[in-house]
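One-based numbering along the sequence shown.
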Amino acid sequence: MATDQRTYEVRTYGCQMNVHDSERLTGLLEDAGYAPFRPAPDGEQPDHPDVVVFNTCAVRENADNRLYGNLGHLAPVKARKPGMQIAVGGCLAQKDRATIVEKAPWVDVVFGTHNIGSLPVLLERARVHDEAQVEILESLEVFPSTLPTRRESAYAAWVSVSVGCNNTCTFCIVPSLRGKEQDRRPGDVLAEVRALVADGVSEVTLLGQNVNSYGVGFGDRQAFSKLLRACGEIEGLERVRFTSPHPAEFTDDVIEAMAVTPNVMPQLHMPLQSGSDRVLKAMRRSYRQARYLGILERVRAAMPDAAITTDIIVGFPGETEEDFEATLDVVRQARFSGAFTFIYSPRPGTPAATMEEQVPRAVVQQRYDRLVALVNDIAWEENQRLVGRTVELLVAEGEGRKDSATHRLSGRGPDNRLVHFTPPGDTTVRPGDMVTVEVSYAAPHHLVADGPVLAVRRTRSGDAWEARTAAPQPGSVGLGMPSVGVPAPLPDAPACG
């Protein structure tokens with residue numbers, strides 16, 4: 001590598017779509033001649049990349065403070081490092097296009113969700129003209145999946161089927177930032193999946209703001225179920241997942257496709273948001289409690305072992321104790337294996353931000369604590385039912401935070417539950433390989449298999465991981481998320497489904 005090659009680092013916050021976009025940003029930068037930043041070894045003088053890219057999220061209330069705090073920390077670094085550049089993209093850039101450079105004049109580039117492919121050109125233009133470049137497009141010009149990509153995982157990948165969203169949920173700012181839904185053609189999606197499998201990937205997660213509305217743009221309302229079935233015909237593709245569907249458009253043909261397609265996993269993440277019909281109406285969520293529970297009933301009739309997770313918002317404007325009890329009632333009936341729970345966060349530009357009857361924070365916090373306790377109790381009970389069961393795990397990298405201390409490895413079962421297991425002493429197990437274990441212990445958020453590994457299946461994904469790590473490359477995408485490796489099963493922000 002040339003000593004004068006400029007280095008980069010991408011810092012990502014938010015949902016799976018942002019992670020998907022960041023993999024494209026890293027691919028674009030490397031295609032333009034940039035190299036991943038290598039942190040200095042411990043004890044040596046710390047260095048900093050030549051280019052830092054923030055891929056931002058606008059969903060949470062503190063998103064702005066988090067960004068400007070990070071930018072503030074970099075201001076003196078940039079002052080000491082001639083030629084360093086800072087770029088801000090993603091949903092917050094799309095929203096705050098006019099104020100980022102005003103608040104942080106040391107930022108060089110601001111780009112939106114629709115023009116991530118412009119980043120290398122904007123960086124060069126900012127360098128040549130020595131002034132900030134702000135380019136925010138109002139509509140998508142190039143589908144992100146067509147851009148160069150540097151994936152973080154050798155064995156699992158996101159595959160975007162659509163971008164944007166046609167829903168008008170009153171709490172969500174994402175549709176106004178990512179625009180109306182645009183669908184990729186099925187042939188393009190499947191071609192990308194086949195290319196990934198040829199590269200060693202064994203698990204894909206189909207990604208969209210609302211995956212089960214896929215196909216409306218080209219006139220086929222059953223396009224998503226057909227896509228799932230087509231994925232089942234791809235040799236070497238062992239696991240297919242998707243996120244996130246919208247309950248209003250979740251149809252029985254999708255349930256049937258999940259049930260009959262062997263490599264589509266028995267796992268579903270479907271946002272609830274609230275169990276109260278009155279609150280759902282105020283949220284403009286075009287379904288009600290009975291419909292939501294009916295979908296879960298049909299999913300479990302077709303796939304009895306399906307694990308279902310969700311998103312829930314507490315404290316939406318006007319939420320009463322009766323409304324909150326309705327949410328708790330749905331949680332009890334739904335028996336979620338996990339839930340991402342959020343305190344309602346007013347976002348400027350959304351109808352909910354100006355609604356009357358904002359719920360006092362102390363009341364919301366008390367309700368939130370009760371919800372979390374119930375979700376954890378049910379998830380624990382559901383996990384305890386799996387003790388003694390034999391499961392096949394896709395061995396993961398970086399998901400077991402205590403693995404080094406406990407001398408365990410971690411992997412995910414077909415239902416996407418995280419299982420920590422004791423590796424065999426006589427066989428090397430690599431990320432991407434498959435192991436069969438018996439669950440010996442259950443906790444609310446994970447399982448443990450401390451008995452002997454019953455079988456090890458070495459895979460092409462394990463080979464791909466081994467080939468990649470033979471000449472180590474430092475991670476170039478710093479995720480503001482819980483883990484890397486297999487795409488995280490839940491986002492760091494409410495799903496938009």
Side-chain angles (χ1 to χ4, degrees), residues 1-14 18 21-38 46-58 63-144 146-150 163 177-179 476-478:
M1 183 182 297
T3 56
D4 60 347
Q5 191 172 23
R6 286 171 61 77
T7 61
Y8 75 90
E9 180 180 64
V10 178
R11 303 181 185 179
T12 308
Y13 304 95
N18 273 21
D21 287 350
S22 286
E23 291 186 338
R24 273 69 193 166
L25 290 170
T26 60
L28 283 162
L29 291 169
E30 293 192 8
D31 204 46
Y34 293 82
F37 172 64
R38 291 181 171 83
D47 194 8
H48 298 276
D50 297 298
V51 174
V52 177
V53 183
F54 291 92
N55 190 8
T56 63
C57 173
D64 309 60
N65 294 337
R66 189 175 192 181
L67 171 65
Y68 292 115
N70 286 327
L71 291 176
H73 289 142
L74 283 180
V77 175
K78 184 179 179 185
R80 297 191 304 267
K81 186 178 176 71
M84 183 179 183
Q85 292 182 295
I86 300 172
V88 179
C91 287
L92 196 59
Q94 191 84 18
K95 180 175 78 75
D96 288 355
R97 64 190 75 183
T99 60
I100 290 176
V101 174
E102 179 182 335
K103 291 183 177 180
W106 54 93
V107 169
D108 299 276
V109 171
V110 179
F111 63 102
T113 59
H114 300 307
N115 61 318
I116 64 175
S118 302
L119 177 59
V121 171
L122 293 172
L123 288 168
E124 182 63 13
R125 194 184 301 165
R127 188 185 65 80
V128 171
H129 294 289
D130 195 26
E131 64 179 11
Q133 302 295 308
V134 179
E135 182 178 288
I136 307 289
L137 301 185
E138 297 304 326
S139 60
L140 192 68
E141 290 188 340
V142 178
F143 207 95
T146 66
L147 299 172
T149 303
R150 183 183 185 276
V163 296
L177 302 179
R178 288 197 176 266
S476 56
V477 182

Not counting sequence neighbours, which residues clear side chain to side chain contact (heavy atoms under 4.5 Å, CB included) with D50? List them please.
-> R6, T7, K81
Restricting to pairs with a member in residues 107-119, which pass salt bridge (Lys or Arg N to Asp or Glu O under 4.0 Å), not counting sequence neighbours?
-> K78-D108
Check L28 against G117 and note the closest heavy-atom contact, atom names and distance.
-> CD1-CA, 3.6 Å
First locate atom CD of Q133, then atom CZ of F111, and finally report the distance between them rounded to the nearest 0.5 Å.
-> 13.5 Å
Check the pair T99, D96 against side chain to side chain contact (heavy atoms under 4.5 Å, CB included), reporting the backbone distance first and the verdict last.
-> CA-CA 5 Å; T99 60; D96 288 355; 3.4 Å; yes
Answer yes or no: is there a side-chain heavy-atom contact under 4.5 Å between V52 and R11?
-> yes
Donor-acceptor pairs under 3.5 angstrom involving side-chain atoms of residues 68-77: please list them, not counting sequence neighbours.
residue: N70; atom: ND2; partner: Y13; partner atom: OH; Å: 3.1
residue: N70; atom: ND2; partner: R66; partner atom: O; Å: 3.2
residue: H73; atom: ND1; partner: G69; partner atom: O; Å: 3.3

Could you walk me through whether L122 and V134 pass the side chain to side chain contact (heavy atoms under 4.5 Å, CB included) test, one step at a time?
-> CA-CA 8 Å; L122 293 172; V134 179; over 6 Å; no
Look at the side chain of D21 and the backbone N and O of I116, then say whether any donor-acceptor pair between them is shorter than 3.5 Å.
-> no
Set of side chain to side chain contact (heavy atoms under 4.5 Å, CB included) partners for A93, sequence neighbours left out | V88, I100, V110
Mind checking the CG-CZ spacing from L67 to F54? Nearest 0.5 Å is all I need.
-> 6.5 Å
Within the distance-only criterion (no hydrogens, no angle test), does the side chain of E9 pair as donor or acceptor with the backbone N or O of F37 below 3.5 angstrom?
-> no
Supply the atom-to-atom distance S118 OG to L123 CG, rounded to the nearest 0.5 angstrom.
-> 10.5 Å
Quick one: side chain to side chain contact (heavy atoms under 4.5 Å, CB included) partners of R127, sequence neighbours excluded?
-> Q85, E124
Using modelled atom types only, decide if a donor and an acceptor are shared between the side chain of T12 and the backbone of S22 within a distance under 3.5 Å.
-> no
Looking at CD1 of I136 and CD of Q94, how far apart are the two atoms once the value is rounded to the nearest 0.5 Å?
-> 5.0 Å
Does L92 reach the side chain of C57, with side-chain heavy atoms less than 4.5 Å apart?
-> no
By side chain to side chain contact (heavy atoms under 4.5 Å, CB included) - contacts of E102 (at least two apart) | none
For A87 and L119, which heavy atoms make the closest approach, and how far apart are they?
-> CB-CD1, 3.9 Å
